[in-house]
Visitor: 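Structure in structure tokens, see below.
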Amino acid sequence: MRTHSLLILPFLFATQACLAQAQPVAAMVGQVNAITVRIDAANQVDTCNVEINVPGQGVVEKEVSAPAFTTQVDVTPQQTGPIELTWKGKTRFRGLRSTAACSGSGSVKVYARLSAAQVKAVWDLFFTRISPVQAECVQVGLNAGQIKTTSLDPRAALSSPDDPEVKPVFAKCESFLSTKTSWGDDPQERFACNMASGRAFCEGLYAERLIDGKLRIISRTEAMQLHFDNRPWTTTARELPRSDNPGNRASPRNNRNSAP
């Protein structure tokens, strides 16, 4: 059993190394990022030469030496998204001081993101372009998904409105805001409704249906939270005091509509 375990260990270490390399290196848009490139050191001489291609910036040559066989390349992304640096061995000819090419080839995956200050500016602009209720819903969704958009660390990995992990939040908010409510297109605070006492003015309310079937009045924010948790919520209506119901002649509405 011990022999088998020892045989498995190199495989586990190699697998862990591959998984580690598969994780993209973070880089900030508009800033110079020093990206470490590790060369496969198998069967290498003490020093060898590589050619590294940086998309959008060109090709650079670097010499790497034992034991680390690593070098750094400056990368300045101009937009968010994935970048793949590729390297291959290339002989550097300098007469008697020539450097042999490293064997093999490889790549380093980089993902460019906005800096904390840039992300904040993008979100600030985004929120100015949507309604207050849309902004409230997006913020609830970001919190529910634990999506970070602010940080005191200027190099923290933050999400901007264009990032893939934010798209489901927008879709969920669109679903919430398109759900039919008791007040329809009328103001939630005061709309025409049908009550047992007859035609009246009502206030629209959000509610959670409890196990016993009763409704618990909740805030709009709480309804959004239930929506992101895929839990049921509904809307209902409460008749305003008669002093607020002076001879309403508007078309009455039903007093309750359910929402998924």
Side-chain angles (χ1 to χ4, degrees), residues 10-94 97-126 142 145-168:
F11 171 77
L12 292 177
F13 292 149
T15 301
Q16 291 171 354
C18 290
L19 290 175
Q21 294 172 4
Q23 296 296 322
V25 179
M28 297 293 116
V29 171
Q31 299 181 15
V32 177
N33 302 265
I35 304 299
T36 299
V37 179
R38 183 178 301 277
I39 308 303
D40 184 1
N43 301 321
Q44 302 287 13
V45 293
D46 288 342
T47 301
C48 59
N49 192 68
V50 293
E51 179 183 82
I52 304 172
N53 180 36
V54 182
Q57 294 182 211
V59 176
V60 295
E61 288 191 32
K62 295 280 187 175
E63 288 187 0
V64 292
S65 302
F69 288 99
T70 61
T71 187
Q72 287 191 326
V73 179
D74 288 341
V75 178
T76 309
Q78 298 304 311
Q79 61 185 19
T80 59
I83 304 171
E84 186 172 15
L85 280 59
T86 57
W87 65 266
K88 63 180 180 180
K90 181 181 180 181
T91 301
R92 187 173 187 179
F93 294 100
R94 292 180 299 181
R97 298 171 54 213
S98 296
T99 305
C102 298
S103 62
S105 61
S107 65
V108 177
K109 297 183 184 301
V110 178
Y111 194 89
R113 290 183 175 273
L114 299 175
S115 67
Q118 291 170 324
V119 170
K120 182 180 184 305
V122 170
W123 277 111
D124 287 347
L125 178 61
F126 172 82
L142 294 174
Q146 297 183 338
I147 300 173
K148 292 183 64 176
T149 61
T150 60
S151 175
L152 296 177
D153 182 357
R155 295 187 62 85
L158 303 175
S159 298
S160 64
D162 291 331
D163 287 336
E165 62 269 23
V166 180
K167 301 303 181 185

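Here the structure is a predicted model, which means the values were calculated and not measured. Residue numbers count from 1 along this sequence.
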Visitor: Taking all non-hydrogen atoms of both residues, which atom of Trp87 and which atom of Gly104 are closest, and how far apart?
Guide: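 Looking at all heavy atoms of both residues, the closest pair is CZ3-O, 3.6 Å.
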
Visitor: Are the side chains of Arg113 and Asp163 in touch, meaning some heavy atoms are under 4.5 Å apart?
Guide: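 Yes; the side chains approach each other to less than 4.5 Å.
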
Visitor: Might you point out which heavy atoms bring Ala27 and Val110 nearest each other, and give the distance in Å?
Guide: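 Minimum heavy-atom separation between Ala27 and Val110: CB-CG1, 3.6 Å.
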
Visitor: With side chains defined as the heavy atoms from C-beta onward, is the minimum distance between Lys62 and Ile52 less than 4.5 Å?
Guide: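 Sidechains of Ile52 and Lys62: in contact.
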
Visitor: Closest heavy-atom contact between Ser159 and Val119?
Guide: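 Shortest heavy-atom separation between Ser159 and Val119 comes out as O-CG1, 3.6 Å.
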
Visitor: Between OG1 of Thr71 and CZ of Arg38, what distance do you get to the nearest 0.5 Å?
Guide: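 If we round to the nearest 0.5 Å, Thr71:OG1 and Arg38:CZ are 11.5 Å apart.
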
Visitor: Find out whether Leu114 and Leu158 are in side-chain contact, i.e. whether some heavy atom of one side chain is under 4.5 Å from a heavy atom of the other.
Guide: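 Contact flag for Leu114/Leu158 side chains = no.
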
Visitor: Is the count of non-hydrogen atoms from other residues, nucleotides or ligands lying under 6.0 Å from Gln79 atom CD greater than 12?
Guide: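 Result for CD/Gln79: open.
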
Visitor: Within the side chain of Asn33, is there an N or O that forms a donor-acceptor pair under 3.5 Å with the backbone of Val75?
Guide: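 Judged by distance alone, yes, a pair lies under 3.5 Å.
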
Visitor: Looking at Arg97 and Glu63, is there a salt bridge between them, counting it only when a charged N and a carboxylate O are closer than 4.0 Å?
Guide: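 No, no charged N to carboxylate O under 4.0 Å.
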
Visitor: Give the minimum heavy-atom separation between Gly89 and Ala101, together with the two atoms involved.
Guide: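 Reported closest heavy-atom pair: C-CB, 3.6 Å.
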
Visitor: Rounded to the nearest 0.5 Å, what separation is found between the CG atom of Asp40 and the OG atom of Ser103?
Guide: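 So the CG of Asp40 and the OG of Ser103 are separated by 6.5 Å.
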
Visitor: Could you tell me if Ser107 and Thr86 have a donor-acceptor pair between their side chains, going purely by distance under 3.5 Å?
Guide: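 There is no such pair (donor and acceptor under 3.5 Å, judged by atom type) between the side chains of Thr86 and Ser107.
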
Visitor: Going by heavy atoms in the side chains, are Ile35 and Leu85 under 4.5 Å from each other?
Guide: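 Yes - at least one pair of side-chain heavy atoms lies under 4.5 Å apart.
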
Visitor: Can Arg94 and Glu61 be counted as an ion pair, charged N to O under 4.0 angstrom?
Guide: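 Result for this pair is no, no salt bridge flagged.
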
Visitor: What verdict does the side-chain contact (heavy atoms from CB on, under 4.5 Å) test give for Thr80 and Asp162, after you've listed the backbone C-alpha separation in whole Å, the side-chain angles of each residue and the deciding distance to 0.1 Å?
Guide: CA-CA 9 Å; Thr80 59; Asp162 291 331; 5.6 Å; no

Visitor: Can you confirm whether Trp123 sits close enough to Leu142 that some side-chain heavy atom of one is under 4.5 Å from a side-chain heavy atom of the other?
Guide: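 Result yes, sub-4.5 Å side-chain heavy-atom pair found.
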
Visitor: Apply side-chain contact (heavy atoms from CB on, under 4.5 Å) to the pair Val64 and Cys48, showing each step before the final yes or no.
Guide: CA-CA 6 Å; Val64 292; Cys48 59; 3.6 Å; yes

Visitor: Looking only at atom types and distance, does a side-chain atom of Gln57 sit under 3.5 Å from a main-chain N or O of Asp74, one as donor and one as acceptor?
Guide: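 A pair under 3.5 Å: yes.
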
Visitor: Looking only at atom types and distance, does a side-chain atom of Asn53 sit under 3.5 Å from a main-chain N or O of Glu51, one as donor and one as acceptor?
Guide: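 Pair absent, no side-chain N/O of Asn53 close to backbone of Glu51.
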
Visitor: Using a 4.5 Å cut-off on heavy atoms from C-beta on, say whether the side chain of Ser65 contacts that of Asp46.
Guide: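 No, side chains not in contact.
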
Visitor: Tell me, do Ser160 and Phe126 make a side-chain contact under 4.5 Å, heavy atoms counted?
Guide: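 No. Closest side-chain heavy atoms not under 4.5 Å.
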
Visitor: On a heavy-atom basis, which atom in Lys167 and which in Pro161 lie closest, and how many Å separate them?
Guide: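 Lys167 and Pro161 have their closest heavy atoms at NZ-O, 3.6 Å.
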
